Amino acid sequence: MTGLVPAPDFDLGLTLGSGQVFHWTQVGREWHGVIGATAVRVEQRGDELRVTPGTEALVARYFALDHPLAAIRAGFPADAYSQAALASCGGLRIMRQPRWECVATFLTSAMKQVAHIRAISLELRRKFGEPVAGSRVRAYPAAERLAEVSERRLRACGLGFRAPHLRAAAGMVASGEIDLEALAGLGTAELRTELCRLPGVGRKIANCALLFAYERLEAVPVDVWIARVLRGMRGEASLAELEAYSAERFGPYAGYVQQYLFHHARVSKSLPGE
DNA sequence: ACCCAGGGGCAAG
DNA sequence: CTTGCCCATGGG
């Protein structure tokens, strides 16, 4: 018995491998992971997903299969590099992630390579996450749990200087000082300001959360890769100027453009103007 | 050995 | 309001 989910304009492997989430594992043709506290197995067959029975609606929402991808792609910038990114990223979607999991994961991503962010995520899950029936990987540890873990034990997961940040941020969320769910009602600028109150969360990581967990598809996280790409388009500029440039030039789905550029730059190992 | 990684915080200009 | 420097750790 297998659940079926229609999934036009979607590439499961590409989406899971584009640096948005870090805990999914490919097993043959299947991808195994958890969405929140639910075990999910997904296999793509053309324009259809075969999923764990009962998770159809959850999967469709998580992978944002309702995003108007044709319209989003039609609005991409006309320059050669953006068009090359567009052509190489067919079916890549911006997912809807659980809020705390997204904020915490990107908090631990500062100055880390994608492979190591994954290792940290899996280690935190293994040591502090709740078991999920039917899944080898555990749920991302709740803020309440991480807030009570010693800095020493967090550092043992390879967190380095991020350990006290994660612990303190978890404490603020666990105490209710910051309500990540209630924040969803705020406008984007106010929401970003609130997220930046969390230790270890600055402009870039807040923008990751806005884009990947709050459906603010206009948000553009400017990391070292995107900075290189944008400088190739615009010339030398500060990070703030680069973000403003992308907002102005990429439009209401700037976050999508950013994600395609990020993935294309990493895979093609090329930059605009080369 | 050496360089870099999906940055943030803080002090100094 | 900007820039410079340090913060740990692992992979290429």
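Proteins come first, then strands; the chains are lettered A, B, ... in the order of their sequence lines, and each starts at number 1. Since the model is a prediction, treat every value here as computed from it, not as a measurement.
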Report task. Round to a whole Å and report the spacing from CG of A/L198 to C1' of B/dG9. Result -> 14 Å
Report task. Give the rounded distance in Å between these two atoms: CG of A/L107 and P of B/dG8. Result -> 9 Å
Report task. Ignoring backbone atoms, establish whether A/R162 has a side-chain N or O less than 4.0 Å from OP1 or OP2 of B/dG7. Result -> no
Query raised in the report: Which of the following nucleotides, C/dG11, C/dT9, C/dA8, is nearest to the side chain of A/K112?
Result: C/dT9
**Report entry** Donor-acceptor side-chain pairing of A/S121 and A/R125 below 3.5 angstrom
**Finding:** yes
Query raised in the report: Starting at the 5' end of DNA chain B and moving along, which residue's nearest nucleotide shows up first, A/R266 or A/C196?
Result: A/R266
Query raised in the report: Salt-bridged, A/E123 to A/R153, with N to O below 4.0 Å?
Result: no
Report task. State the pairing partner of C/dG12; accept Watson-Crick or G-U wobble contacts with both distances under 3.5 Å, and report none otherwise. Result -> B/dC2
**Report entry** A/R167/A/E151 salt bridge by N-O under 4.0 Å criterion
**Finding:** no
Requested in this report: Would you indicate which nucleotide in C/dT3, B/dA5, C/dC7 comes nearest to any side-chain atom of A/S238?
Outcome: C/dT3
Query raised in the report: Does A/R228 put a side-chain nitrogen or oxygen below 4.0 Å from OP1 or OP2 of B/dA5?
Result: yes
Query raised in the report: Between atom CH2 in A/W225 and atom P in B/dA5, what is the gap in whole Å?
Result: 7 Å
Report summary line: Here the distance between atom P of C/dA8 and atom CE of A/M111, to the nearest Å, is 14 Å
Query raised in the report: Angle class for the A/F161/A/H165 ring planes (parallel below 30°, perpendicular above 60°, tilted otherwise)?
Result: perpendicular
